[in-house]
Amino acid sequence: MSISIPGLFQSVFKKVVVALFLITSFLAALPAQAVEPIPVPLDIEALDITHSIELHRDAGTRLQVSTAPGADGIVRRIEVPSRDGSNTNWAVFALANTSDEQIDRLIVAPNYKLAGSDLFWPDLGSSRIASITPSQGIAPERQKSMEADVFLVTLDPGSIVTFVAELTTPNLPEIRLWEPDVYEETINAYTLYRGIILGISGLLALFLTILFVVKGTVMFPATAALAWSVLAYLCIDFGFWGMVFNQDGGGSQLARASAEVMLAASLIIFLYAYLNLNRWNIHYSHLALTTLILILGLLGVAVWDSSVAAGIARLALGVIGVLGFVTIAVLAYQHYDRAILLIPTWCLLIAWLIGAGMTITSVLSNDIVQPALGGGLVLIVLLIGFTVMQHAFAGGAIAQGLISDVERKALALTGSGDIIWDWDVDRDRVFTGNEVEDLLNLKRGTLDGAAREWLEVLHPQDRDRFRATLDAVIDQRRGKIVQTFRLRSEDGHFRWFRLRARPIIGSDGEVIRCVGTLLDVTEERTAEERLLHDAVHDNLTGLPNRELFVDRLRTSVVRSRAEETSKPTVLVLNLDRFKQVNDSIGLSAGDSILLTVARRLGRLIGQQDTLGRLSGDQYGLVLLSEQEPDRIVTLADSLRKAVRAPITFSDREIFLTCSVGIAFFEGGKQAVEDMLTNAEIALNHAKRLGGDRQEVYRPILRPLGKNIVDLEADLREAIKKETLGVFFQPIIRLEDQSVAGFEVLARWNHPRRGRIAPSEFIPIAEQSGLINELGMYMLDKGAHQLAFWQREFPMPRPLFASVNLSSRQLLKQDLINDVKAVLSRTSLEPGTLKLELTESLVMSNPEYSAKVLERLRGLGAGLSLDDFGTGHSSLSYLQRFPFDTIKIDQSFVKPNGSASRPVLLRTIVAMGHDLGMSVVAEGAESETDALELYQLGCEFAQGYFFGEAVAAADATKILRKMPTATEPA
């Protein structure tokens, strides 16, 4: 049976057609999967359809959807391609006009909504809808708007239209249907509100900027920066920025993220500047600067990903608000006025942050929230501005009220030449001008900065006191700053300055400035320290003098009584025959010997021991390092051996010995002076036994030493009762053998011991300090006697009198006043009261001596250089001294068989005449000596040949008998 091919094909085709028909019929019988239409009522002005749309994310380049069932119930399929052929997102919704009239509505999708934008990776806004395609009718017409995607649609009566919207972002935060007139009225109302807010914000930012220019403190630019940041944020949030610069969605995201970053940064700057956190602690500055740099670094992150930058900025803003509130609370608890004034404003800021957080997390999502937050931000800045302005105008009334007084004080300050010190507390800036920096060799502007920067230049011991003083003045709002401190110069040395300033209080009761003067007192402090040091130390050796030695001995005794541990021992050392050595080699060599001995002794004692110089060649030692008597005696022997070692001076060796007196602490109520006296008594006993030995004090030695103490008391009594003899040795004018004057000398006839030589009581006076009283006694008696002679024996060349001065008198500060008082009481002829000073005494301190001698010469006193030629003076210094007389030492006058003696004598006389001085020779003991001196040109001479020292009555008889001076040629 054969089968026809065409017949078979026709049979299969019929079966396929029947199958397709059955499938189509089945599908038609199923319910259609289409969007649900949204009824559009006539009486509702705005309809939110956000939750009624279908989103198709990443649905491809074309979207096929089923339309909503039409009025005939038929569901159709439509396919919508993307405009640029790229994979995109879609939104599908259907609108139904159930009325019997045509409806016009606006489909509005805002580009940005703060509500629901999220904290992390927030949605910063963009154009949402690229185009809308309807299932029927005319395509919706895009309306011009910078803030939203707006499309005008027309719905015929009873029509149901499905719309397919091509989206530019995967999210569609909101989409609404608006009645066109209502939408326009709403936009106009919001535009007016935003204009008012922007106007207030702009004026506030401009006003704070002007205030910064006028006032200049750091808090005002910080506040102005915050105001400008808020203004920029509002311009972007209200769409003003986009309208001005015609920005698209991407540019708006970058601008919005940058504005939020700047808002957080400016809040940090304001908090740091207003609370003045950098006054003393630099760590606050470092922390604030680091945080500010990190936040400003988000601007770079915003270029890469605006959403990330904005999320971090929002989180930072909240953290700054909380930490700022904690800081303000802590400072307010410490009664810091600025923090107290900021509390209400900061509480409002915290409330604003809470509201903003609820908004971005969709807890609050109504239409009024976002504009209200913008207005609240302006209100916060306005309150901050009011708070800051209180400081801007503080103290204005005071300044105006004192303007004339300020001018007078400014003129007085200019005349005084003091350095101005001005601390602007609000800006924390110190101004001193350039004088201090020039004195310290510092760069200009080093000290013109924050008060904290002064701590780096201040001496470490003065920093805490300086900081505490300034803090106390600011906290107490009263008082004065009177402080002396040291500032370090460029080379590391310190100079002393005295600061005198007072705070200036503003109208709010807060310190706004501290103004005063700064004076360089380095020389004054140096002189004071030198005087304090010299008052208790020996000028030659630097060792403690007798006063400091006794004070340290007293301290050791008190400690020994309190602790009952170490007991002090006093050793007194005196060089044997030092006066002979000093006279033979000169005072300069003697000073070198004393200094050498002091160094040798200092190397043998312990750190807790005290070595002092009690008088010329006498040293004292407070011994604490040794307690056993045997070891103390051994140490004393070591001290003697150290002195016995030869001392090399120039090309010769000098050998010395010393005697040592030792006194142990006996305990009980033994006085400190008794210990020292006991040691001196033991020393005197050692010297009576031949010297170069040590003796320990024993009570049996007391009567021997008591003579010295009694002699000192008797001498003091003799000066007080004026029983000390004043004698006069004649000085003869060789030209006519007449009496030219007298040398005033002290003689003591003791009531019990008889006549005591000056060589015995003068050292006692020097050692006890009576030499000043003795010198003034001789000066006063000699001057009064000379005044009597000048009245009784008037001469063409009036008589003169020479009075010796000791080293203590020359160094005494009251010497000028004492001589002035004597001259004013006696009315002597100028230059006739001659003050004699030895060459070694003058050369011990030539600079000081020259000044004192000039003052004495100016008072009308004559000056005579005694013992000329015996010391080691400098002729260059000699020219500077205003001497009118030279006294040649008797060693040059007495014949010694040397051929060079006449040559030296003639040279000294000629040199004196060349310097304009008259010459007096001592030691003329024969007529031959007098004749030789006259032939050499010497004007005056004195010695045993012309008479010894006699009392005033005998000297008056001599004047009556001897020939008087003739008229000068």
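Values in this document were obtained by computation on a predicted structure and should not be read as measured data. These values consider heavy atoms only, across backbone and side chains, with no hydrogens, waters or symmetry-generated copies.
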Review point. Are a donor atom and an acceptor atom from the side chains of Thr209 and Trp228 found within less than 3.5 Å of each other?
Key: yes
Check your understanding: Do Arg338 and Leu342 come close enough that some side-chain heavy atom pair is under 4.5 Å?
Key -> no
Exercise for review: Measure the shortest side-chain to side-chain distance between Ser201 and Val381 over non-hydrogen atoms and say whether it is less than 4.5 angstrom.
Suggested key: no
Point to revise | Neighbour count >12 (heavy atoms, 6.0 Å) for atom CZ, Arg500 | key: no
Check your understanding: Any side-chain heavy-atom pair from Gln483 and Phe466 closer than 4.5 angstrom?
Key -> yes
Check your understanding: Between Phe549 and Glu547, is any pair of side-chain heavy atoms under 4.5 Å apart?
Key -> no
Review point. Backbone N or O of His459 within a donor-acceptor pair of the Arg486 side chain at under 3.5 Å?
Key: no
Revision key, fill the gap. Sorted by chain and number, sequence neighbours left out, ring-ring contact (aromatic ring centres under 6.0 Å, His included) with His493 holds for none
Point to revise | Ion pair Asp448/Arg429, N-O distance below 4.0 Å | key: no
Review point. Going through the checks in order, is the side chain to side chain contact (heavy atoms under 4.5 Å, CB included) test met by Asp591 and Leu595?
Key: CA-CA 6 Å; Asp591 290 345; Leu595 185 58; over 6 Å; no
Exercise for review: First locate atom CG of Leu601, then atom CZ of Arg599, and finally report the distance between them rounded to the nearest 0.5 Å.
Suggested key: 12.5 Å
Check your understanding: For Asp520 and Thr522, which heavy atoms make the closest approach, and how far apart are they?
Key -> OD1-OG1, 2.6 Å
Review point. Between atom CG of Asp475 and atom CD of Gln334, what is the distance when rounded to the nearest 0.5 Å?
Key: 9.5 Å
**Study point:** Side-chain heavy atoms of Leu198 within contact of Cys235, under 4.5 Å
**Key:** yes
Exercise for review: Run through Thr517, Leu499, Leu518 and flag the one making a side chain to side chain contact (heavy atoms under 4.5 Å, CB included) with Ile419.
Suggested key: Leu518
Check your understanding: Any donor and acceptor pair, going by atom type alone, linking the side chain of Asp471 with main-chain N or O of Ile474 inside 3.5 Å?
Key -> no
Point to revise | Side-chain heavy atoms of Leu614 within contact of Tyr619, under 4.5 Å | key: no
Review point. Can you find a pair of side-chain heavy atoms, one from Ile384 and one from Leu226, that are under 4.5 Å apart?
Key: yes
Exercise for review: Mind telling me whether Trp421 and Trp454 have parallel, tilted or perpendicular rings, with 30° and 60° as the class edges?
Suggested key: perpendicular
Revision key, fill the gap. One should read off an interatomic distance between Glu510 CD and Tyr336 OH, to the nearest 0.5 angstrom, of 6.0 Å
Revision key, fill the gap. Rounded to the nearest 0.5 Å, the CG atom of Leu540 sits from the CZ atom of Arg613 at a distance of 5.0 Å
Review point. If you draw a 6.0 Å radius around CZ in Arg465, do more than 12 non-hydrogen atoms from other residues or ligands fall strictly inside?
Key: yes
Side-chain donor-acceptor distances from residues 258-270 under 3.5 Å, at least two apart:
from, atom 1, to, atom 2, distance (Å)
Ser258, OG, Leu254, O, 2.8
Glu260, OE1, Arg314, NE, 3.1
Glu260, OE2, Arg314, NE, 3.4
Glu260, OE2, Arg314, NH2, 3.2
Ser266, OG, Ser229, OG, 3.4
Ser266, OG, Met262, O, 2.9
Ser266, OG, Leu263, O, 3.0

Check your understanding: For Asp422 and Arg513, what are the C-alpha separation, side-chain angles and deciding distance, and is it a side chain to side chain contact (heavy atoms under 4.5 Å, CB included)?
Key -> CA-CA 7 Å; Asp422 179 15; Arg513 303 184 87 88; 2.6 Å; yes
Point to revise | Gap between atom OG1 of Thr223 and atom CG of Leu208 - 0.5 Å precision | key: 6.0 Å
Point to revise | Least distance between heavy atoms, Trp352 atom then Leu377 atom | key: NE1-N, 3.7 Å
Exercise for review: Compute whether any side-chain donor of one residue and acceptor of the other, for Gln608 and Ser625, lie under 3.5 angstrom apart.
Suggested key: no
Check your understanding: Looking only at heavy atoms, which two atoms of Leu440 and Arg488 are closest? And how far apart?
Key -> CD1-O, 4.0 Å
Check your understanding: Does a side-chain N-to-carboxylate-O contact under 4.0 Å join Glu490 and Lys443?
Key -> no
Check your understanding: Looking at Leu383, Ile328, Thr327, which one forms a side chain to side chain contact (heavy atoms under 4.5 Å, CB included) with Trp346?
Key -> Ile328
Check your understanding: About how many Å separate OG1 of Thr432 and CG of Leu447, when rounded to the nearest 0.5 Å?
Key -> 5.0 Å
Check your understanding: Between Ser489 and Leu442, is a side chain to side chain contact (heavy atoms under 4.5 Å, CB included) present by the stated rule, with each step listed?
Key -> CA-CA 7 Å; Ser489 61; Leu442 299 176; 5.9 Å; no
Check your understanding: When you look at CZ of Arg559, are more than 12 heavy atoms from neighbouring residues, nucleotides or ligands closer to it than 6.0 Å?
Key -> no
Exercise for review: Might you point out which heavy atoms bring Cys514 and Val425 nearest each other, and give the distance in Å?
Suggested key: N-CG2, 4.4 Å
Exercise for review: Find out whether Tyr274 and Leu341 are in side-chain contact, i.e. whether some heavy atom of one side chain is under 4.5 Å from a heavy atom of the other.
Suggested key: yes
Review point. Should we say atom CZ of Phe325 is surrounded by more than 12 heavy atoms from elsewhere, each under 6.0 Å from it?
Key: no
Check your understanding: Where do Ala598 and Leu543 come nearest, in terms of heavy atoms and distance?
Key -> CB-CD1, 3.7 Å
**Study point:** Exercise: identify the closest heavy-atom pair between Ala255 and Ile236
**Key:** O-CD1, 3.1 Å
**Study point:** Any donor-acceptor N/O pair, Asp609 side chain to Leu624 backbone, under 3.5 Å
**Key:** yes
Point to revise | Chi angles and distances behind the side chain to side chain contact (heavy atoms under 4.5 Å, CB included) call for Leu815, Arg855 | key: CA-CA 10 Å; Leu815 176 63; Arg855 295 284 304 277; over 6 Å; no
